[in-house]
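Every chain is numbered from 1 and lettered A, B, ... according to where its sequence line falls, protein lines coming before strand lines.
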Amino acid sequence: MEQDIAKRILRWYRKEGRDLPWRRISDPYAIWVSEIMLQQTQVATVIPYYERFMAAFPTVTDLAHAPLGTVLKVWEGLGYYARARNLHRAAKMILERHQGTIPGEIMALTSLPGIGRSTAGAIVSIAYGKKAPILDGNVRRVLCRLFAIRKNPSLTPVQKKLWGLSEGLVPGKDPRSFNQALMDLGASICTPNDPDCPACCLKPFCLAYQKGIQKSLPIKSPGKKIPHYHVAVGVIWKGKKVLITQRPLEGLLGGLWEFPGGKLKEGETPAIAVAREIREELKITVSVGDLADIVRHAYSHFRITLHAFHCRYRDGAPRTLNPYRWVSPGELERFAFPAANRKIIAALK
DNA sequence: AATGCGGGGTT
DNA sequence: AACCCAGCATT
């Protein structure tokens with residue numbers, strides 16, 4: 001049974017599998033980089049970032065020796081910036097602990113920052129050809145349908161069940177192709193909304209298809225309301241230079257640079273808020289001028305409307321918790337900014 | 001067990 | 001507007 005499933009998927013994969021940049025090489029470092037980028041991020045989005053990253057940091061040694069700011073700049077726009085910070089930190093650890101070789105064991109891999117059970121399974125199987133299961137969004141969906149699992153797959157006992165199923169399916173022979181095939185099947189046939197069951201090689205085994213419930217699986221968690229904030233920021237000019245500040249290394253958008261500002265308080269106008277935030281955060285005074293841009297931006301767990309004002313520096317030396325810089329507009333390209341701030345920068349030109 | 005963490009594509 | 005994506009870390 002399991003062997004039949006594996007055989008069918010592998011046969012399908014040989015004909016219909018995707019040709020992706022990281023499948024053309026066997027360098028474990030490249031596989032690792034691709035797997036980190038692919039966490040919660042679609043293949044099409046990752047491809048150009050992967051190419052640029054590998055050109056900038058061809059080896060784990062290059063990555064470990066690069067300044068974090070350079071790594072974040074290459075990562076800029078990809079999101080989930082802790083991935084970049086963890087990748088950089090793990091590269092240093094791999095030089096020290098593993099003499100520059102990406103580990104080939106699950107335990108050694110999961111002890112590195114940014115590598116969990118699924119990414120470790122992917123690296124071990126894809127880079128080293130060892131038998132290990134994976135469980136990403138694609139595989140979870142395929143398994144929920146194949147075995148008609150009608151419980152929310154985010155529940156711990158259901159996750160445990162899914163890991164067991166994934167482990168039971170992965171064959172000793174060519175686990176590398178099998179895991180990639182399972183993901184490809186989820187991405188191209190067993191899609192979230194409208195799976196192409198007639199074209200699926202697992203149709204004869206799929207319990208959800210037999211019951212006609214494939215479109216209602218997997219069960220999804222109830223969506224939660226996301227708040228909407230108004231934020232005011234200042235593009236503070238002193239001559240031909242503007243002030244930027246760096247966010248703390250941990251937390252949201254950690255390590256990225258931005259125009260200073262903050263959330264509006266109840267009953268406050270954006271112009272009042274930006275003056276207050278700059279006074280509080282930087283201990284300087286500015287005069288607030290024209291509106292530079294209004295940006296709407298969606299994060300995963302909240303939305304913001306960003307009001308950006310041209311400001312003129314008046315008085316005081318900045319005293320901030322975090323680093324700040326006065327830079328020319330041209331120099332803004334050298335720093336990593338959140339996407340919402342990039343929209344403001346685009347509007348300045 | 002629940003939550004924080006980006007950005008873009010799709011529907 | 002809601003959902004999804006080659007998930008992980010933290011609490």
Indicate, with a heavy-atom threshold strictly under 4.0 Å, whether A/Leu78 touches base, sugar-phosphate, or nothing. base
Any ion pair linking A/Glu105 and A/Lys130 (charged N to carboxylate O, less than 4.0 Å)? yes
Remember a base hit wins even if backbone is also touched, and classify A/Val43 as base, sugar-phosphate or nothing at under 4.0 Å, heavy atoms. base
Does a side-chain N or O of A/Thr45 approach OP1 or OP2 of B/dG9 to a distance below 4.0 Å, or not? no
Sidechain N-carboxylate O distance under 4.0 Å for A/Lys131, A/Glu167: no
May I ask you to test the A/Leu217-A/Ile149 pair for a side-chain heavy-atom distance under 4.5 Å? no
Of the listed nucleotides C/dG7, B/dG7, B/dG6, the one nearest the side chain of A/Thr119: C/dG7
To the nearest Å, how far apart are A/Tyr80 OH and B/dG7 P? 10 Å
Of all the choices, C/dG7, C/dA9, C/dC3, which nucleotide is nearest to the side chain of A/Asp136 once you look at every atom? C/dG7
Distance check needed: C/dA2 P versus A/His228 NE2, whole Å only. 13 Å
Does any donor-acceptor pair link the side chain of A/Thr41 with the base of B/dG6 at a separation under 3.5 Å? yes
A/Glu331 and A/Arg334: salt bridge (charged side-chain N to carboxylate O under 4.0 Å, His left out), yes or no, with the steps? CA-CA 6 Å; A/Glu331 286 175 301; A/Arg334 300 164 44 80; 5.3 Å; no
Which one, C/dG7, B/dC5, C/dC4, comes nearest to the side chain of A/Pro192? C/dC4
Looking at every strand, decide which applies to A/Ser118 at a 4.0 Å heavy-atom threshold: base, sugar-phosphate, or nothing. sugar-phosphate
Can you tell me if the side-chain N/O atoms of A/His301 get under 4.0 Å from OP1 or OP2 in B/dG6? no
Could you tell me the separation between the CD1 atom of A/Ile123 and the P atom of C/dA6, rounded to a whole number of Å? 17 Å
Would you tell me if any nitrogen or oxygen in the side chain of A/Tyr81 comes within less than 4.0 Å of OP1 or OP2 on B/dG7? yes
Within the structure shown, what part of the strands sits under 4.0 Å from A/Ile36 by heavy-atom distance: base, sugar-phosphate, or nothing? nothing
Of the candidate nucleotides C/dG7, B/dG8, C/dC3, which contains the atom at the shortest distance from the side chain of A/Ala339? B/dG8
Would you confirm whether A/Arg83, through its side chain, and A/Gln39, through its main-chain N or O, come within 3.5 Å as a donor-acceptor pair? yes
When you match A/Arg89 and A/Leu38 each to their closest nucleotide on DNA chain C, which lands nearer the 5' end? A/Leu38
Check this one for me: any side-chain N or O of A/Asn193 less than 4.0 Å away from OP1 or OP2 of B/dT11? no
Check the distance between C/dG7's P and A/Arg117's CZ and give it to me in whole angstrom. 15 Å
Consider only side-chain N and O atoms of A/His230 and A/Lys263, and report whether a donor and an acceptor are under 3.5 Å apart. no
Rounded distance in Å between the C1' positions of C/dA9 and B/dG8: 23 Å
Send over the distance from A/Ile226 CD1 to B/dG6 C1', rounded to a whole Å. 12 Å
When you check the phosphate oxygens OP1 and OP2 of C/dG7, does a side-chain N or O of A/Gln40 lie under 4.0 Å from one of them? yes
5′-ward residue of the pair A/Trp22/A/Thr110 relative to DNA chain C: A/Trp22
C/dA6 base to A/Arg18 side chain: any donor-acceptor pair below 3.5 Å? yes
Closer than 4.0 Å, any side-chain N/O of A/Arg141 to the OP1 or OP2 of C/dC5? yes
Given the C1' atoms of C/dT10 and B/dG7, what is the spacing between them in whole Å? 22 Å
If you measure from the C1' atom in C/dC5 to the same atom in B/dC5, how many Å do you get, rounded? 14 Å
Which part of the nucleic acid does A/Tyr299 contact within heavy-atom distance under 4.0 Å: base, sugar-phosphate only, or nothing? sugar-phosphate
Does A/Tyr49 have A/Arg52 sitting over its ring (NZ/CZ under 6.0 Å from centre, angle to axis within 45°)? yes
Please give the distance between the C1' atoms of C/dC3 and B/dG6 as a whole number of Å. 15 Å
